[in-house]
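Contents: one structure, followed by commentary.
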Amino acid sequence: HEQGHVEFVALLPLTDPDAGKAAAERDGVLRLVVDHHVGSDRGDGDVLLWDVEACSSGALMYDLFRHGGVPMTQPAAEGIFVSIVSDTGW
């Protein structure tokens, strides 16, 4: 990996504990669990971004992009939009 490069798989929401197993089998890949549901802090990932007061997991991902200064791709933006719409009923 390049210096400063982090490879990760974002799992949101992690309702199936087996969902991250394929990522866990790859060396050097962090499992980032992003969720807003109560109980998501059970330790299924390597890194947890969890806020039960967030309207959706997509909103948390949006904040991660915005505060992390990472450019958002079109597919990422579409996924975030779908997450927010489906969780809020908008």
Side-chain angles (χ1 to χ4, degrees):
H1 297 296
E2 300 171 23
Q3 183 177 3
H5 176 81
V6 176
E7 184 174 342
F8 70 93
V9 174
L11 306 166
L12 57 152
L14 188 61
T15 55
D16 178 2
D18 294 333
K21 284 189 177 177
E25 293 172 359
R26 294 179 53 199
D27 289 337
V29 176
L30 294 174
R31 291 179 302 151
L32 170 63
V33 175
V34 179
D35 206 344
H36 68 118
H37 296 105
V38 173
S40 295
D41 60 335
R42 62 183 179 258
D44 295 321
D46 301 307
V47 178
L48 175 64
L49 175 57
W50 177 57
D51 182 353
V52 296
E53 295 189 12
C55 69
S56 68
S57 298
L60 294 172
M61 283 301 295
Y62 173 78
D63 288 343
L64 186 63
F65 275 96
R66 187 169 52 110
H67 294 296
V70 178
M72 189 180 306
T73 64
Q74 183 71 31
E78 290 171 1
I80 287 170
F81 175 77
V82 169
S83 171
I84 293 171
V85 168
S86 65
D87 270 348
T88 63
W90 174 70

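Nothing fancy with the numbering, it's 1 onward along the sequence. Note: hydrogens, waters and symmetry copies are ignored here, and every other heavy atom, side chains too, is used.
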Q: Keeping the roles fixed (side chain from Thr88, backbone from Ile84), state whether a donor-acceptor pair exists under 3.5 Å.
A: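 Checking the backbone N and O of Ile84 against the side chain of Thr88, a donor-acceptor pair under 3.5 Å is found.
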Q) Are the side chains of Phe65 and Ile80 in touch, meaning some heavy atoms are under 4.5 Å apart? A)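 Side chain of Phe65 against side chain of Ile80, heavy atoms only: contact under 4.5 Å found.
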Q. Below 4.5 Å, heavy atoms only, C-beta onward: do His36 and Asp51 meet side chain to side chain?
A.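 His36 vs Asp51: side chains apart.
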Which value, rounded to the nearest 0.5 Å, describes the distance between [X] atom [atom1] and [Y] atom [atom2]?
X: Phe81; Y: Ser86; atom1: CZ; atom2: OG; value: 10.0 Å
X: Leu64; Y: Met72; atom1: CG; atom2: CE; value: 9.0 Å
X: Asp35; Y: Leu60; atom1: CG; atom2: CG; value: 8.0 Å

Q) What are the two closest heavy atoms between Ser83 and Gly58, and how far apart are they? A)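 Shortest heavy-atom separation between Ser83 and Gly58 comes out as OG-N, 2.8 Å.
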